[in-house]
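Being a predicted model, the structure only gives us computed values, none of them experimental. Letters A, B, ... are given to chains in the order of the sequence lines, protein chains preceding strands, and every chain is numbered from 1.
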Amino acid sequence: MAISYNKRTCDCGTLRAADVGKKEVILAGWVNNYRDHGENLVFIDLRDRGGLTQCRFNVDTDPEATKIARTLRKEDVVAVRGEVISRGENVNPKLPTGEIELSVHEVNILSKSLTPPFEVADHVEANEDLRLKYRFLDMRRRPMQQALITRHKILQSFRGFYYREGFLEIETPILTKSTPEGARDYLVPSRVFPGQFYALPQSPQLFKQLCMIGGLDRYMQIARCFRDEDLRADRQPEFTQVDLEMAFVDVDNILDVVERSLAHVWREVAGVEVPVPFRRMPYDDAMRDYGSDKPDVRYEMKLLDVTEVAGRSEFKIFREAVEKGQMVKAICLPGGAEMPRKETDGLTAEIQGIGAGGLPLCKVMAGADGKPELQTGIAKFFTGQTVGQLIEATGAKIGDLLCFAVGRFADVCKHLNWLRTTLAERRNMIPKDRWEFLWIVDMPFFEWDDQANHWSFLHHPFTMPHTEDLDKLDSDPGAVRAKSYDSVLNGVELGSGSVRIHDMDLQKRMFKLLGISEEEAHRKFEHLLTALQYGAPPHGGLALGLDRIAMLLSGADSIRDVTAFPKTQKAFCPLTECPGEVDPKQLDELGIDLAPAVKAKRAGKA
RNA sequence: GGGGCCGUAGCUCAAUUGGUUAGAGCAUCGGACUGUCGAUCCGAAGGUUGCGGGUUCGAUUCCCGUCGGCCUCGCCA
C-alpha cells in the first residue's frame, strides 16, 4: 500500500507543538540527514522547500518502516505517513519544527539518489563551477532558495506597483532586429531567409517607444535582454530588466514613479523605509568628487583637486603634467599612515595593472613641533609653504595617507575611483545596512571620439537634449546636457533612462550631428522613424537591472548568486554545456558554413 | 585582448628552502549504539597534485605553454 504522495498534508516546515496528536500526516521530501541508533531507532530529517521535519522510526511500533528507514541515504526522495508527537525533553531550538517530530508508520521510497558531488548542506562550501554544474543540487540549499525567493518577491512587488500605477505589462519580441544599443548582438539565423539573421534584444528600447506612439500610455515589462560582451560579477550575457516607458512625461514624472517603485519594493521585500525623493547629483559633480558616474556615497574620501599646489612642488611628474594642462588629484585615507610599505607597494602594482604610471603618495605625520608634516614617498618634493598648502587643500590630518593621481581628467578619475573603492572595501570603511539611492542627472549628450573624429552619443540616439541647451547643439555640442538619468545605489548602477525625442526634425538634426547618414538611420531605425511621423507623444522611460537589485537585496556579491541558471565568465553554462556544436544538417538548413579557420581549429582539437 | 589570483582525495583545505610512502576534516562504504538532531564510537576505501613540456639526482613546490574558474581594465550607448 503506497502512500499518496500527492496528498501531502503540509510541507516540512509547517508542523508545530499545536499539531501534536494529528494522526494522519503525510510529508514528502528529501532525506537531509539520517541518524541511525541501531536496529531499534532511526531518525530521518526530511527536507522540502518549507523546511525540515525530524521523522522518527521505532522498530517496536513500526518494524517495516524502520527496516526501510535504515536503508535511506542523503538526498533520497521519500513520502512518509505518521503521527505528530511531542519531542518532550528533546526539543531542537534550532528548528522551527523542533518541538515536534513525526512518528512514522509508513515510508515510501520515491527515488534513490547517488552520492552527491558536494554535500547538500548549508554549511558546506563547494566551488562555484561545481555548484553551477549541479545547480539542481545547489538549489536545494537554503541560501540559493532564499535568493530565488527574494528575487520572486521583487518581481511580484514591481508588478503590483506598476499595475496599480496604470502600467500595462506588454511582451515584446525576442527574435527581433538589431537594436541601436552599442553592445554586440546575439544573432539567430533565419531558415526561411537564408543568410539573414534575427538579433536577440539588448533591450526592448524601440518597441517600448512604439508602444507609446501606439497610444498605450504606460508600458512595463520584466524583459529578458541579451548582450554579447565580456562578463563581470554584475553582468551576465542574458539578464532581466524592469523596463518601463510613459507618454506625456518629462524627467520629473519618470524619476518620481521609479523612486516610488523602488521604495515600495524595499518596503515589501526588505521591510526598509527608503525616503523619497532620492538625492539628485549632476554628472559633473559625481565625476569631480568621486571620479565615477556611479558613486558609492555611503562613505566620503572624495577626490580632491590639488593641481595648483602640485604644480608648484618639486615633483617633476606633477609639474610637467600641470604645465601640459593636465591635473593632479588626491584622496586622503584617514588613518592610512599606518599602512606598511608592503601594502603600499602592493597597491602601486595593482593600480599600474589598470594603467596608472604609479602611485605617488605620502604620509601625514606629527613633526618635532607637533605640527603635521609630510613623510615618505613624494614628501621630499614638497618644501616650504607647499607642505602647509597641500595639507590645507586636502584637509589631511596627522595619521592620514595621501594618494595622488596625475594626468588627464578621465585617467585621474579612473585611477582614484579604483583606489577609493578598493581602499574603502579592504579597510571596512563601508557602513552596512545603508541604502544610498541616488539619481545621476544632467549627463552630457555628446562625447568627443578621438578615433572616429566626431561627436558620439553617450546614450542612444533618441535621447532628448535639455530644452535650454538646444541652441548649443551646433555651436558647443560638448556643453549640451541630455534628458537622461542613471539610478545608482551604493555604487551600483541600477538602471538608466531618458526622455526621448518625439520630433522628427530634431531627430534628423541629431543623426546629422552624430555622423549617422540618412541612409544608415533608415536602414537601422526605419520602423521608429516612420512611426515618429504619425503623431508621437512626448515620452520617456527607464530600465532597472533586476539581477542587481536582487543581488543587493540578497546581500550577494554576484548576480550569479541570484540567478537560477547562470553562465560562467566565458558565457559557458556548465550545467547544459552550452554553447555546443550542432548537427551539420542544422547548419545546412540555415545555409551556414563554418569559416575554414574555425573548422581547422576544431579538427585540431578532435 | 591586457593585468591579477587560483587549480592537490567526492567536497573544503594542508604539505618546511625542491627531499622518505602527498596528509587532515567532512562526505562515502562496513560495523556498533533506543533520543539523536552539523549525532557519537571503531574500521576501511579513496590521488595521473587540471593537462603538456622543461630545469633537476629528485618537482605539489621552480620555469614555459595550455585548459578551466574567479576578480578586474578594455568592452558593455
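Between A:Phe207 and A:Tyr219, the distance separating the two ring centers is not shorter than 6.0 angstrom. Checked against the 6.0 Å centroid criterion, the rings of A:Phe511 and A:Phe525 qualify as a close aromatic pair.
For the pair A:Glu229 and A:Ile85, both in contact range of RNA chain B, the more 5′-proximal nearest nucleotide belongs to A:Ile85.
Residue A:Phe43 has its side chain nearest to B:U36 when only B:C71, B:U36, B:G74 are considered. In the set B:U34, B:U36, B:G74, B:U34 carries the atom at the smallest distance from any side-chain atom of A:Leu41. Checking B:C33, B:G35, B:U72 against every side-chain atom of A:Ala233, the shortest atom distance belongs to B:U72.
By the 4.5 Å heavy-atom criterion applied to side chains, A:Lys208 and A:Thr172 are not counted as neighbours. The shortest distance between side-chain heavy atoms of A:Pro237 and A:Leu231 falls below 4.5 Å.
At the heavy-atom level, A:Tyr34 lies under 4.0 Å from the strands shown only through sugar-phosphate atoms. Here A:Asp129 lies in heavy-atom contact (under 4.0 Å) with sugar-phosphate atoms only. Among the heavy atoms of the strands, none lies under 4.0 Å from A:Arg131. As judged by a 4.0 angstrom heavy-atom cut-off over every strand, A:Asp60 is placed among the base-contacting residues. Across all strands, A:Val91 comes closer than 4.0 Å to base atoms (heavy-atom distances).
When each of A:Arg131, A:Arg135, A:Arg548 is tested with A:Asp561 by the rule salt bridge (Lys or Arg N to Asp or Glu O under 4.0 Å), just one qualifies, namely A:Arg131. Results of the side chain to side chain donor-acceptor pair (under 3.5 Å) test with A:Glu520 over A:Lys524, A:Arg523, A:His522 single out A:Lys524 as the only residue that passes.
B:G68 is paired with B:C6 under the Watson-Crick or G-U wobble criterion, all donor-acceptor distances under 3.5 Å. B:C62 is paired with B:G54 under the Watson-Crick or G-U wobble criterion, all donor-acceptor distances under 3.5 Å. Judged by Watson-Crick or G-U wobble contacts below 3.5 Å, the nucleotide B:A44 has B:U28 as its partner. Judged by Watson-Crick or G-U wobble contacts below 3.5 Å, the nucleotide B:U49 has no partner.
When the C1' atom is used for both B:G53 and B:C67, the distance is 15 Å, rounded to whole Å. Distance check on atom C1': B:A9 versus B:G50 gives 14 Å, rounded to whole Å. Remark: the separation of the P atoms in B:C29 and B:G10 is 15 Å, to the nearest Å. With both ends at atom P, the span from B:U8 to B:U49 equals 11 Å, rounded to whole Å. Spacing between B:A59 and B:U16 at atom P, rounded to whole Å, works out to 16 Å. B:U21 and B:G2: their C1' atoms are spaced 44 Å apart (whole Å). Using atom C1' as the reference point in both B:G18 and B:C62, the two lie 8 Å apart (nearest Å). Nucleotides B:C57 and B:G52 have their C1' atoms positioned 23 Å apart, rounded to a whole Å.
A:Val562 and A:Ala556 get closest at one heavy-atom pair: CG1-CB, 4.3 Å.
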Quick one: what's the B/S/- string for nucleotides 3-12 of chain B, heavy-atom cutoff under 4.0 Å, read 5' to 3'?
S------SSS
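Residue A:Arg235 places no side-chain N or O under 4.0 Å from the OP1 or OP2 atom of B:C71. Applying the 4.0 Å criterion to OP1 and OP2 of B:G38, one finds that A:Lys94 has a side-chain N or O inside that range. The phosphate of B:G69 (OP1 or OP2) has a side-chain N or O of A:Thr568 nearer than 4.0 angstrom. OP1 or OP2 of B:C73 has not a single side-chain nitrogen or oxygen of A:Lys414 nearer than 4.0 Å. Contact between the side-chain N/O atoms of A:Gln569 and the OP1/OP2 oxygens of B:C71 is found at a separation under 4.0 Å. Taking side-chain N and O atoms only, A:Arg73 has a distance below 4.0 Å to OP1 or OP2 of B:C29.
Taking CG of A:Asp11 as the start and OG1 of A:Thr53 as the end, the distance is 7.5 Å to the nearest 0.5 Å. Here the CD atom belonging to A:Glu245 is positioned 12.0 Å from the CD atom belonging to A:Gln221, to the nearest 0.5 angstrom. With values rounded to the nearest 0.5 angstrom, A:Met510 atom CE is found 5.5 Å from A:Leu473 atom CG.
The interatomic distance linking A:Asp45 (CG) with B:U36 (P) rounds to 13 Å, in whole Å.
Below the 3.5 angstrom threshold, one finds no donor paired with an acceptor across the side chain of A:Arg70 and the base of B:G31. With hydrogens and angles ignored, no donor-acceptor pair under 3.5 angstrom links the side chain of A:Arg227 to the base of B:C75. Side-chain atoms of A:Arg56 come within donor-acceptor range of the base of B:G35, with a qualifying N/O pair under 3.5 Å.
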